[in-house]
Number of protein chains: 2
Amino acid sequence: MTDIHRPAERRRLSMVDVAAHAGVSVGTVSNVLNRPELVAEPTLRRVRASIKALGFVPSAPARQLRGGSGRSVGVMVRDIGNPFFSEVLPGIETRLSQEQLLLVLCSSGDSIEKEAHYLQILEQHRVPGILITPAGQDISHLVELRRRGIGMVLLDRPGADSQLCAVAVDNVRGGELAGAHLLSLGHRRIAFLNGPPIVRQCADRREGLVKAVRAAGLDPDEVITEITLPALTPREGEAALERLPARGGPTALFCVNDTVALGALRGLERRGVSVPHDMAVMGYDDVEFAALLSPALTSVRQPKHQLGQAAAELLLTDARGDSGHWHQEIVFQPELMVRASTSG
Amino acid sequence: MTDIHRPAERRRLSMVDVAAHAGVSVGTVSNVLNRPELVAEPTLRRVRASIKALGFVPSAPARQLRGGSGRSVGVMVRDIGNPFFSEVLPGIETRLSQEQLLLVLCSSGDSIEKEAHYLQILEQHRVPGILITPAGQDISHLVELRRRGIGMVLLDRPGADSQLCAVAVDNVRGGELAGAHLLSLGHRRIAFLNGPPIVRQCADRREGLVKAVRAAGLDPDEVITEITLPALTPREGEAALERLPARGGPTALFCVNDTVALGALRGLERRGVSVPHDMAVMGYDDVEFAALLSPALTSVRQPKHQLGQAAAELLLTDARGDSGHWHQEIVFQPELMVRASTSG
DNA sequence: CGCAGATATTGAAATGTTTCAACTAGCTTG
DNA sequence: CAAGCTAGTTGAAACATTTCAATATCTGCG
């Protein structure tokens with residue numbers, strides 16, 4: 001067993017070394033790397049051989065210093081653990097890797113401070129663009145960043161009067177679909193397991209739910225019992241069951257996303273409450289596993305892969321900073337997926 | 001409606017501008033940023049005021065150029081869409097963000113070329129370290145990268161004779177647990193829905209399964225029907241059912257991960273095959289939703305959050321390049337979670 | 001008053017690229 | 001054969017920082 005030490009800290013190779021080795025100037029090495037068509041065939045071969053022989057790897061930071069903006073874009077989500085984002089990410093990654101852009105993943109955990117901190121670091125890195133699901137309501141700091149030349153696209157969030165590009169799914173409509181569905185099944189006392197109202201998606205889904213209740217000629221305050229969860233995890237979804245009114249309690253549970261619904265289902269099963277007989281349950285997002293839960297979960301589907309791709313696409317045009325680029329907002333429509341957890 | 005144009009491409013601010021504005025030298029501005037304790041109180045205030053007034057943001061690339069290695073580490077997974085990785089990532093992110101490190105997410109999609117390409121870009125960016133689940137068997141290129149000074153930790157993969165640090169779960173043991181469980185239930189014809197054998201995890205789980213069969217005094221070739229899937233997705237899991245031998249077919253299905261099992265369950269349900277009565281099904285990973293599938297999925301649990309944290313931790317020490325650092329391998333033990341899909 | 005020792009600030013070199021004006025050779029052309 | 005091209009190559013400036021030896025200013029002391 002030999003102790004594998006890191007070799008003596010030899011200075012990293014630079015183009016100067018390559019130039020010396022190949023007997024040309026640094027300018028020529030640079031040309032070989034960036035505009036090979038300008039370099040004569042024999043020189044090209046010689047320089048490339050030297051690069052290989054020495055194991056030279058150009059320095060991205062140095063390139064960027066001279067060149068301008070970098071080759072990595074920021075993607076800020078509220079919670080990487082959330083399967084919704086895991087299903088959106090592939091759409092983003094595919095598009096970015098086509099453009100040779102690195103994906104810097106940031107998770108704000110719904111903390112405005114953590115978000116601000118990440119944004120600061122991203123700006124220092126001179127990223128050409130950022131894809132973000134903001135933690136808070138106020139997005140003026142994002143508008144400001146864009147003014148300073150960083151491409152900015154809101155992900156899963158409407159664009160606030162077209163100040164920024166945005167890709168979103170109509171959450172009000174989704175909440176409305178959910179509400180109308182539960183009401184049509186005869187439910188008149190609905191518990192809404194929601195996230196903090198500062199989160200736009202939560203507020204919007206709530207608005208849709210209220211709208212549906214009103215449209216049915218009922219009083220939202222009587223029909224809806226809203227329970228605010230500190231975090232959108234299965235654990236909190238299960239814990240929230242404790243806070244349901246004991247008597248005259250709800251007959252249906254609308255969970256603001258499938259992850260919460262997962263916890264709620266688990267909790268109900270443990271308590272021996274039959275779904276949907278004693279309690280109807282529905283989620284939101286229609287993540288991959290929703291259809292296969294026990295019982296199969298009714299949910300509101302969002303086109304997640306498309307959302308990611310569209311967002312990346314929009315970011316690319318925004319980051320390019322084409323003059324005359326108008327702020328664009330792409331809104332996808334949600335779709336109700338009725339399954340056993342509400343209509344068994 | 002006003003056309004919001006990007007403002008005239010004014011040159012980005014540098015420390016020179018700040019220095020001029022505050023009436024000090026650039027050296028002093030640098031000190032304010034990096035060693036404020038060396039700067040006199042009034043100067044400190046003045047420079048900070050100038051930074052704020054001008055909206056100066058230091059350039060990370062320039063810092064890195066002089067300073068050495070960068071502040072972002074690479075995390076290469078085989079497939080971001082896989083919920084296993086979504087559950088490992090939070091553990092990594094938490095630890096990295098504590099150290100003010102950015103997480104560059106790369107998804108190789110099991111392609112050696114895509115992996116190599118990403119690695120090349122990461123090296124150009126002078127990342128201090130990389131956390132990787134390699135796409136292929138051969139990891140000599142990773143050892144080489146480490147020799148060149150990039151911290152390297154294998155994620156979810158043993159460390160090949162301690163050439164590299166590694167964090168893994170014992171996959172052979174996991175496969176063995178699964179096999180022993182199915183055999184103990186009396187199953188004698190087991191279909192193994194596996195991934196490509198180049199993927200180490202797949203090969204190891206297979207080895208464990210074979211070991212369990214041998215331990216029971218049976219012939220692996222008779223008991224196990226292996227079906228190789230081109231990708232580990234629900235879609236492929238479902239498609240694989242078509243390839244099961246029609247007569248004398250298996251009575252149990254061991255899926256190499258829960259995502260595949262998800263697809264298999266969906267397919268069996270569509271075909272009206274009762275689980276576990278007509279066919280026992282088990283998965284691997286025990287992802288968040290496994291316990292709530294219909295029927296609840298028997299699976300082999302891996303401590304995912306811990307895995308991520310331990311990996312990040314190890315990478316930090318490896319990237320620091322403490323002299324005398326020995327290659328370390330952390331192996332977690334898997335745990336069998338028996339549920340309705342095998343023992344209803 | 002002169003000097004030692006702190007304390008605070010400066011100016012310039014160094015980092016690894018890109019870019020571009022200037023230069024060289026080798027041809028063609030009138 | 002001089003003049004004008006063209007293709008290929010060069011050398012140095014520029015980019016935004018950090019670092020560090022050198023300098024300037026102050027404080028107290030003999």
Side-chain angles (χ1 to χ4, degrees), chain A residues 9-48 50-51 54-71 120-121 123-128 148-149, chain B residues 9-48 50-51 54-71 120-121 123-128 148-149:
Chain A
E9 208 56 54
R10 52 159 148 56
R11 195 178 56 75
R12 266 211 95 100
L13 295 158
S14 78
M15 294 200 334
V16 178
D17 304 289
V18 176
H21 187 270
V24 295
S25 74
V26 280
T28 300
V29 178
S30 174
N31 283 338
V32 169
L33 257 34
N34 304 300
R35 289 115 92 201
E37 70 281 4
L38 292 184
V39 181
E41 186 56 29
T43 318
L44 202 58
R45 265 201 300 275
R46 201 149 34 92
V47 173
R48 284 192 171 142
S50 296
I51 288 177
L54 297 175
F56 165 72
V57 178
S59 153
R63 290 186 124 156
Q64 188 177 152
L65 184 56
R66 190 82 226 286
S69 66
R71 308 280 314 154
Q120 202 183 331
I121 302 189
E123 187 179 11
Q124 292 183 1
H125 278 258
R126 304 288 189 260
V127 297
R148 292 198 222 156
Chain B
E9 208 56 53
R10 51 158 147 59
R11 195 179 55 76
R12 264 210 96 100
L13 294 158
S14 79
M15 294 201 331
V16 178
D17 304 287
V18 176
H21 186 270
V24 296
S25 75
V26 280
T28 300
V29 178
S30 175
N31 283 337
V32 169
L33 258 34
N34 304 299
R35 290 114 93 196
E37 71 280 4
L38 292 185
V39 182
E41 185 57 28
T43 318
L44 203 58
R45 263 201 301 275
R46 199 149 37 91
V47 173
R48 284 192 171 143
S50 295
I51 289 176
L54 297 175
F56 165 72
V57 179
S59 152
R63 290 186 122 156
Q64 187 175 154
L65 183 56
R66 191 80 225 290
S69 67
R71 306 282 311 157
Q120 202 182 332
I121 301 189
E123 188 180 10
Q124 292 184 1
H125 278 260
R126 303 289 189 261
V127 296
R148 292 198 222 156

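The chains referred to below are lettered A, B, ... by the order of the sequence lines, with proteins before strands, and numbering in each begins at 1.
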Is there a side chain to side chain contact (heavy atoms under 4.5 Å, CB included) between B/Leu38 and B/Val32? Walk through the geometry before answering. CA-CA 8 Å; B/Leu38 292 185; B/Val32 169; over 6 Å; no
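Side-chain contact check for B/His125 versus B/Gln64: every heavy-atom pair is 4.5 Å or farther apart.
For B/Arg46 (side chain) and B/Ala22 (main-chain N/O), a donor-acceptor pair under 3.5 Å exists by modelled atom type. Proximity of a side-chain donor or acceptor of B/Asp17 to a complementary backbone N or O of B/Ser14 within less than 3.5 Å is detected.
Residue B/Leu38 contributes atom CG, which lies 12 Å from atom P of D/dC20 at whole-angstrom precision. The CG atom of A/Asp17 sits 13 Å away from the C1' atom of C/dT15 (whole-angstrom rounding). We find that CG of B/Leu33 is positioned 6 Å from P of D/dT18, with the value rounded to whole Å. Whole-Å rounding puts the B/Leu65 CG to D/dT19 P distance at 12 Å. Rounded to whole Å, atom P of C/dA12 lies 15 Å from atom CE of B/Met15. Atom CZ in A/Arg35 sits roughly 9 Å away from atom P in C/dT18 (whole-Å rounding). One can place CG of B/Leu13 at 13 Å from P of D/dC15, the figure rounded to the nearest angstrom. In this structure, the CD atom of B/Glu41 is 16 Å from the P atom of C/dT7, given to the nearest Å.
The side chain of A/Arg66 lies closest to C/dT18, out of C/dT18, D/dT17, D/dT18. Residue A/Ser25 places its side chain closer to D/dG11 than to any other of C/dT10, D/dG11, D/dA16. Checked against C/dT9, C/dT19, C/dT18, the side chain of B/Asn31 finds its nearest nucleotide in C/dT9.
An OP1 or OP2 oxygen of C/dT18 is reached within less than 4.0 angstrom by a side-chain nitrogen or oxygen of A/Asn34. Residue A/Thr28 has a polar side-chain atom (N or O) positioned under 4.0 Å from OP1 or OP2 of D/dT10. Residue B/Ser30 places none of its side-chain N or O atoms closer than 4.0 Å to OP1 or OP2 of D/dT17. For D/dT9, the OP1/OP2 oxygens have a side-chain nitrogen or oxygen of A/Thr43 closer than 4.0 Å.
Ion pairing between a basic and an acidic side chain is recognised when a charged N comes within 4.0 Å of a carboxylate O; B/Glu123 and A/Arg12 show such pairing.
As judged by a 4.0 angstrom heavy-atom cut-off over every strand, A/Ser59 is placed among residues touching the sugar-phosphate backbone only. Among the atoms of the strands shown, only primed sugar atoms or phosphate atoms (P, OP1, OP2) are found under 4.0 Å from some heavy atom of A/Pro58. B/Val16 comes within 4.0 angstrom of no nucleic acid atom, judged by non-hydrogen atoms across all strands. Across all strands shown, B/Val57 has heavy atoms under 4.0 Å from sugar-phosphate atoms exclusively, and none from any base.
Remark: the A/Arg63 side chain and the C/dT17 base include no donor-acceptor N/O pair separated by less than 3.5 Å.
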